[in-house]
Each structure stands twice: as C-alpha cells, then as structure tokens.
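Report on the structure given below.
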There are 2 protein chains.
Amino acid sequence: MVRVRIEDVAAEAGVSMKTVSRVLNEEPNVSERTRERVREVVERLQYRPHPSARVLAGRKSYLVAMLYDNPSSNYLMEVEQGVLDACQAQHYNLMLAPLVYDAKDIVSKVESLVLQSRLDGVVLTPPITDDAALLARLDELDIPWSSVSPTERNRRIGVIVDEPSAVAEMIGHLASLGHRRIAHIKGHPAHGASHWRLAGYREGMQRAGLALDEALIADGEFSYDSGFAATNGLLDLPDPPTAIFAANDDMAAGAIGAVCERGLSVPRDISICGFDDTPIARHIYPSLTTVRQPTREMGRLAGVELLKAIRDRGQGGMVVVPYTLQLRRSTGPRKA
Amino acid sequence: MVRVRIEDVAAEAGVSMKTVSRVLNEEPNVSERTRERVREVVERLQYRPHPSARVLAGRKSYLVAMLYDNPSSNYLMEVEQGVLDACQAQHYNLMLAPLVYDAKDIVSKVESLVLQSRLDGVVLTPPITDDAALLARLDELDIPWSSVSPTERNRRIGVIVDEPSAVAEMIGHLASLGHRRIAHIKGHPAHGASHWRLAGYREGMQRAGLALDEALIADGEFSYDSGFAATNGLLDLPDPPTAIFAANDDMAAGAIGAVCERGLSVPRDISICGFDDTPIARHIYPSLTTVRQPTREMGRLAGVELLKAIRDRGQGGMVVVPYTLQLRRSTGPRKA
DNA sequence: ATGAAAGCGCTAACAG
DNA sequence: CTGTTAGCGCTTTCAT
C-alpha cells in the first residue's frame with residue numbers, strides 16, 4: 001500500500017497537478033466537467049492530500065487551538081468534543097492549549113503560541129473569552145477567534161444560549177411549585193455566566209412577583225465545595241429558603257450534599273436545581289432539575305463559525321442555541 | 001516577528017544546515033564543541049523547527065493516535081489528558097481517534113488510519129486493547145502500540161494497576177466492617193477490567209473466609225442504569241446483601257440511587273463501593289468509597305512508554321502503578 | 001566530523 | 001479556464 005500523490009491523480013485524470021489542487025480547495029477557474037472528472041478519480045484512488053505538504057507549501061496551517069483554563073471540568077471536555085467534531089469534518093487539526101488564567105502574561109503566552117504554531121484561528125472558552133487585552137491583540141494579529149459563551153454577547157463570532165431567559169424560566173418553575181423564598185448561589189465572579197445567571201434570577205423573581213431578599217443570594221465559585229458551604233450558610237438563616245437555584249450542577253450537587261448531611265430530604269424539605277445538565281445531574285440522588293445547554297453542539301458550532309471566518313474574513317457570526325429545562329426529581333412542591 | 005529558520009541558525013553558528021539538524025535530532029558525528037555552539041545559538045534565536053517541514057522531509061510523522069470507543073466517559077477523558085501530557089512534553093502530536101468498536105472492520109479502519117496519517121504509534125484503551133487481530137496487524141505493520149489496562153498483562157508495552165489486589169483489599173475492608181453477604185455488580189463483559197475485578201472479588205471473599213453465593217453476583221455493563229437495575233435485583237433477593245461492590249463508580253452511583261429510591265439509607269442500611277474514583281465519587285451523597293486509579297498518570301505513562309518504543313524498538317515496557325483505597329462515607333458497619 | 005545537493009508533496013505566482 | 005515553475009523548511013543521501 002503506497003501513498004497516492006497529487007501527481008498520480010493528475011495523471012489519471014489527464015490534467016495538471018494545479019488543476020487537481022484547485023478542485024480540492026474549491027478554487028474557481030475549473031470547468032464543471034473537469035471538476036467532476038477529478039473528483040471521480042480522487043474518490044476512486046482514495047486520495048487524501050498530505051497535511052504537512054499542504055501546510056508547508058501554503059499559507060494556511062489547518063490548525064486551530066482551543067484555549068481553556070480548567071482542564072478537568074466535564075463541561076470543557078464536552079465542548080472540546082464538539083470543537084473536535086467541527087474540525088474533523090473540515091479536515092482541520094485541533095490543538096489543545098491549557099492555559100493558567102493569570103491575566104499577567106496571558107497575552108504574550110497566546111501570542112507566542114499563535115505565532116509559533118501558525119494557528120489559523122482560536123476557540124476561546126470562559127473566562128478567557130472576556131480578556132479584552134487578549135481579544136485586542138488577536139485582532140491586531142488578524143487571527144480569527146470564536147467564543148463559547150462570552151459575557152459580551154455582541155462580540156462578533158461565537159455561540160451563546162440565552163441564559164437569563166433560561167434562569168428566569170427556571171425560577172418561574174419553582175414559583176409555580178409554590179416556592180416564595182428562592183435562594184441563588186452565584187457562580188465564580190470571573191465568569192460572565194455568573195453575571196447572566198444572576199440577572200436571570202433577578203428577572204425571574206420579579207416576573208413571578210416575588211420579593212428579592214439579598215440575604216438569599218450567596219457567593220459561590222462553581223465548585224462542589226463552594227455549593228456545599230453556601231448552602232450551609234443559607235440553611236442557617238433565621239428564615240431559610242425553600243428552594244435553591246445554584247448557578248451550575250456541581251454546586252447544586254454540593255447543595256444536595258449539605259441538605260442530606262443535615263438529615264433533611266430533597267425535594268421534600270427543600271428543592272434544588274442547577275445549570276448545565278452535566279452527566280452528574282442524572283447520576284446523583286435525587287436526579288437534578290437543571291437547564292440543559294447543548295454543550296457539545298455549542299463547541300461544534302463555535303468551531304464551524306470559526307472555520308467560516310478563517311475561510312473568509314467577514315463570515316461567521318454569533319449563534320444562539322436553544323436551552324431546555326430538564327425537570328427531574330430534585331424539585332417539588334413547597335412543604336406545606 | 002519573522003520566523004527563524006534552520007539556515008539562520010546555521011549561518012549564525014558558522015556551520016551547515018545539516019550540522020544544526022544533527023544537533024537538533026541528537027544524531028552522532030558532531031563534535032562536542034560544535035554541538036555546544038549550535039545549542040547556544042538555537043537558544044539565543046529561540047529557534048523551533050517547523051513541524052510540517054520536518055514531517056515532510058523525514059520519515060517520522062511525530063504523530064500518535066489514541067484509539068478509543070466510548071467518547072464521553074470521564075475515565076477516558078482523564079486518560080486522554082495524560083497521554084496529551086506525555087506527547088506535549090516530547091513535542092509529539094496527539095490525534096484523537098474515536099472508533100465504533102465493531103470488531104468486524106476495526107482492523108481495516110485502523111489500518112487505513114495508520115497508513116493515511118502515517119502514525120508513528122498508537123495508544124489503545126479498553127476494550128480495544130484486547131482485539132487480537134488488531135494487535136497482530138499493528139505488529140505486522142511495525143507500528144508500536146501501548147495499552148492502558150489491557151486484559152493480558154504480559155503484553156509488551158502499557159500501563160496497569162493490580163486490580164485484583166485492589167478489589168480483594170476493598171472486600172477485606174467491607175468484611176472488617178462486619179459484612180458477610182457482600183454482592184458484586186460486574187462490569188461490561190467485553191472489558192478485561194470486568195474479569196480482573198470479578199477475580200479480585202472472589203479472592204477477597206475467600207481471604208476473608210466468606211461464603212461465595214453466586215446469587216450475589218449480578219450482571220452490569222459499567223453504566224449508571226445497569227447499576228441501578230442490578231441493585232434492584234439484589235435487593236429483591238430473599239436474603240439480600242448488606243454491602244455491594246460495584247465494578248465502577250457509575251454503577252455504584254446507580255446502586256445508591258436504587259437504594260435511596262426504596263427509602264433506605266446508605267451506609268446505614270447497606271454499604272456501597274465502587275472503582276475508579278471519578279469526579280462523581282466526591283460529588284454524590286453519600287460520597288463514595290472507591291478504589292483510586294491514577295487515571296491521568298496512567299495515560300501519561302502509556303504515552304511515555306510508547307514514545308520510548310517509537311524512538312527505539314525494544315524499549316518501553318509494562319508499568320504497574322499503585323492504587324489506593326479511598327474510604328469515604330458510603331461504607332459503614334453492618335446494620336446490627 | 002562536516003557539508004552540498006536533492007527531494008518530501010503540495011500551493012503560489014505567473015504564464016498562456 | 002489551464003498549465004509551468006519555483007519554492008515552503010526540513011531530512012536524506014552521498015560526498016568530502
């Protein structure tokens with residue numbers, strides 16, 4: 001089994017190398033008949049261009065990187081799979097770039113990464129999506145970038161879900177179960193998602209006509225432990241909440257842990273809900289009511305939009321994907 | 001910022017391109033003085049070889065693939081990170097190759113992958129580790145391969161933990177808590193791990209001097225749902241177990257769900273333990289007693305051993321890494 | 001121990 | 001619309 005080269009295809013199709021190259025790269029100036037013939041030969045010979053030769057000769061690297069901070073979160077790994085889906089479909093390579101989000105030298109780190117590896121573009125994930133200096137530098141270098149769930153929603157290219165509406169709807173669900181004292185455990189302050197989820201909480205409370213008690217808004221940082229601690233604080237309040245909306249599933253899991261630890265029961269004594277629909281949501285007891293974001297699909301779309309922009313600056317945009325409320329067993333009617 | 005090429009280094013050091021190349025690739029036939037001088041210039045100019053040029057000109061691809069079946073398991077993503085650690089450290093690229101494990105055409109699929117992408121080697125994960133036909137073909141093609149937790153432990157290159165001992169120790173722990181009727185939920189039959197964990201269960205029971213009741217050995221397939229179903233079966237037994245060892249954490253989570261569903265309590269009414277120490281183990285209530293495998297480290301070592309073999313056939317071997325018992329809250333004394 | 005020349009397989013720039 | 005020529009930056013081969 002010896003490798004088929006572009007020359008072989010050209011000979012077989014009775015055209016020049018360059019014509020084959022044009023067909024492969026969907027460049028203009030090839031007649032439809034020739035195009036067809038070349039495609040047929042490519043298919044028959046199972047020809048695949050040699051990636052390194054392509055990169056070396058051309059000005060594109062066919063390489064994009066995904067920049068991320070927390071390498072072991074479930075969420076990120078789902079996104080990664082999605083980005084990978086998009087890249088593989090278009091024969092791009094994906095480079096994983098774990099970054100310690102230390103604002104000090106992040107710009108220069110990314111800069112050398114981009115230059116050294118000749119990246120064609122980058123996918124940004126929270127909270128790196130919100131580093132203004134980095135975004136500015138990428139623009140200067142003319143490197144297309146695409147963001148997953150950036151805080152600034154009108155930022156050119158990327159994917160978002162309408163988080164405030166999702167949360168407001170979730171609060172509405174709790175209200176419809178009779179809850180009036182609904183608490184919120186906030187996410188990590190550096191993540192834009194925390195901001196939008198809090199906004200959705202406020203809006204949901206208002207829409208449901210419920211009083212906003214600042215004592216019911218607790219600090220968290222997206223981790224299990226922070227959800228656990230925040231819940232203990234809430235339960236110690238003189239007039240504790242009957243429902244808690246945690247800004248993500250990990251914190252909701254922590255909340256359930258804290259409630260169970262006190263010998264209370266979810267949802268009988270208190271309802272808990274989260275956000276993300278990570279695998280854990282189905283695997284804890286009781287199963288978690290949460291907002292489902294199509295995480296993998298979001299990664300894929302972020303990749304697709306980025307590749308559009310790479311092919312043609314000016315293409316690619318901000319895609320809004322739908323969320324869904326996953327009503328499971330951790331929420332129920334307010335205790336009589 | 002223009003790219004430094006090997007020519008620039010050569011000129012600066014007053015030698016030929018080829019000499020620089022020799023130093024870079026640690027080839028012989030360069031005097032120590034020259035070597036030093038070249039290294040100094042490389043450092044000063046911050047020179048990095050262009051990966052594509054290297055691949056195109058040479059016979060190595062600097063590319064290894066990780067073959068896997070189930071793309072969304074926590075376990076696999078940890079392993080992947082580890083393999084990535086090893087690759088990045090040695091400037092190799094990692095290609096992710098999700099494969100539908102359908103024994104029929106897996107050999108030819110892998111074959112074309114290896115040939116088309118010119119892989120220098122592959123990392124295999126369960127259950128692909130155990131496909132004899134595939135292993136034979138890789139050997140024929142002279143492609144080095146490294147396995148993570150293969151069933152056959154004397155298979156040349158890879159990483160394992162001593163699973164039978166780990167499980168036997170866990171059973172010993174349960175026995176020391178007074179449990180005598182200890183059940184086991186088996187893993188997926190196609191995975192070698194299932195075999196070893198069952199063996200460890202039998203051995204542990206024997207060592208503890210406990211009777212082996214085949215009715216207490218239930219089928220599972222590593223999923224939450226299969227653990228849930230198996231547990232329901234066990235609890236319906238005329239003389240149900242007081243402790244359950246599930247072959248992985250997901251099934252243990254399912255077991256806890258099934259127990260809670262019946263209004264029973266873990267560990268008061270029944271003890272549950274798992275295997276793997278995935279993130280879920282700390283995030284469910286009660287937190288899960290389990291066997292910790294250093295998953296990411298295992299991926300890294302599989303990568304390291306593979307790269308040794310790539311550099312020099314005959315190098316690389318089977319590494320045994322230590323396990324640890326993570327005693328948490330899901331196991332306790334047998335109910336009086 | 002070192003170097004010169006000839007590609008690797010493709011695309012860019014320029015001709016027709 | 002199509003083809004020719006000259007590299008991309010490195011490693012290989014073969015001299016010296």
Side-chain angles (χ1 to χ4, degrees), chain A residues 1-39 41-42 45-63 91-93 115-118 120 310-311, chain B residues 1-39 41-42 45-63 91-93 115-118 120 310-311:
Chain A
M1 180 150 173
V2 69
R3 226 191 138 79
V4 181
R5 290 154 313 159
I6 198 170
E7 274 185 56
D8 306 323
V9 176
E12 185 79 9
V15 296
S16 74
M17 263 166 60
K18 182 61 210 175
T19 300
V20 178
S21 172
R22 287 198 176 94
V23 174
L24 258 29
N25 297 297
E26 308 194 23
E27 285 167 25
N29 297 333
V30 182
S31 74
E32 201 45 52
R33 282 192 55 247
T34 316
R35 219 175 266 276
E36 266 318 311
R37 188 150 34 91
V38 170
R39 286 214 182 94
V41 175
V42 164
L45 265 43
Q46 289 269 33
Y47 169 71
R48 299 281 174 277
H50 186 130
S52 297
R54 226 179 185 193
V55 169
L56 187 57
R59 23 159 110 32
K60 287 172 277 184
S61 70
Y62 297 94
L63 213 210
H91 301 288
Y92 264 71
N93 285 102
L115 266 16
Q116 281 296 346
S117 304
R118 307 203 155 172
D120 284 345
I310 288 173
R311 291 234 157 68
Chain B
M1 181 148 172
V2 70
R3 226 191 139 80
V4 181
R5 290 155 311 157
I6 197 171
E7 273 185 55
D8 305 323
V9 176
E12 185 78 9
V15 296
S16 74
M17 264 167 62
K18 182 59 212 178
T19 299
V20 177
S21 172
R22 284 197 178 94
V23 174
L24 257 29
N25 297 298
E26 307 194 21
E27 286 168 25
N29 295 332
V30 182
S31 73
E32 202 46 51
R33 281 193 56 244
T34 316
R35 220 176 266 277
E36 267 318 312
R37 188 151 35 92
V38 170
R39 286 214 183 95
V41 174
V42 164
L45 266 44
Q46 288 269 33
Y47 168 71
R48 297 282 174 278
H50 189 293
S52 296
R54 229 179 182 191
V55 169
L56 186 57
R59 21 158 126 9
K60 287 172 278 183
S61 70
Y62 297 94
L63 213 210
H91 300 288
Y92 264 70
N93 285 102
L115 266 16
Q116 282 296 345
S117 305
R118 308 204 156 171
D120 284 345
I310 288 173
R311 291 236 157 67

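Here is the naming used below: chain letters follow the sequence lines, and residue numbers restart at 1 for every chain. Just so it is clear, the structure is predicted and the values come from calculations on it, not from any experiment. Values reported hereafter were calculated over all heavy atoms of this structure, with side chains retained and with hydrogens, waters and symmetry mates removed.
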Original post:
Going by heavy atoms closer than 4.0 Å, what residues in residues 5-27 of chain A are next to DNA chain C?
Top reply: Arg5(A), Ile6(A), Met17(A), Lys18(A), Ser21(A), Asn25(A)
**OP:** Please name all residues satisfying salt bridge (Lys or Arg N to Asp or Glu O under 4.0 Å) with Glu7(B), sequence neighbours left out, ordered by chain then number.
**Re:** none
Subject >> Arg59(A) vs Arg48(A), nearer the 5' end of DNA chain C by closest nucleotide >> reply: Arg48(A)
Original post:
Got a sec, which residues hit salt bridge (Lys or Arg N to Asp or Glu O under 4.0 Å) with Arg22(A), two or more places apart in sequence or on another chain?
Top reply: none
Subject >> Closest approach of Val20(A) to Val9(A) (non-hydrogen atoms, all atoms of both residues) >> reply: CG1-CG1, 3.9 Å
Subject >> Five-pair end axes of the helix from dA1(C)-dT16(D) to dG16(C)-dC1(D), angle between them (10°) >> reply: 30°
Original post:
At what distance, to the nearest 0.5 angstrom, does CG of Leu45(A) lie from CZ of Arg5(A)?
Top reply: 11.5 Å
Subject >> Segment of DNA chain C, first to last nucleotide, that comes within the 4.0 Å heavy-atom reach of chain B >> reply: dA1(C) to dG9(C)
**OP:** Could you pull out all residues at least two apart from Arg35(A) that satisfy side chain to side chain contact (heavy atoms under 4.5 Å, CB included)?
**Re:** Val23(A), Val30(A), Glu32(A), Arg39(A)
**OP:** Please examine the side chains of Ser21(A) and Leu24(A), heavy atoms only from C-beta on, and report whether any two atoms are closer than 4.5 Å.
**Re:** no
**OP:** Under the salt bridge (Lys or Arg N to Asp or Glu O under 4.0 Å) rule, collect the residues that match up with Arg311(B), sequence neighbours excluded.
**Re:** none
**OP:** Can you sort out the partners of Arg37(A) under salt bridge (Lys or Arg N to Asp or Glu O under 4.0 Å), two or more places apart, ordered by chain and number?
**Re:** none
Original post:
Residues two or more places apart in sequence or in another chain: which of them pass side chain to side chain contact (heavy atoms under 4.5 Å, CB included) with Ala57(A)?
Top reply: none
Original post:
Can you list every pair that meets salt bridge (charged side-chain N to carboxylate O under 4.0 Å, His left out) and has a residue in residues 45-57 of chain A, with sequence neighbours left out?
Top reply: none
Original post:
5' to 3' on DNA chain D, which nucleotides open and close the contacts with chain A (atom under 4.0 Å from a heavy atom)?
Top reply: dC1(D) to dG9(D)
Original post:
Can you name the residues that form a ring-ring contact (aromatic ring centres under 6.0 Å, His included) with Tyr47(B), not counting sequence neighbours?
Top reply: none
**OP:** Check whether any side-chain N or O of Ser52(A) sits under 3.5 Å from a backbone N or O of Val55(B) as a donor-acceptor pair, and report yes or no.
**Re:** no
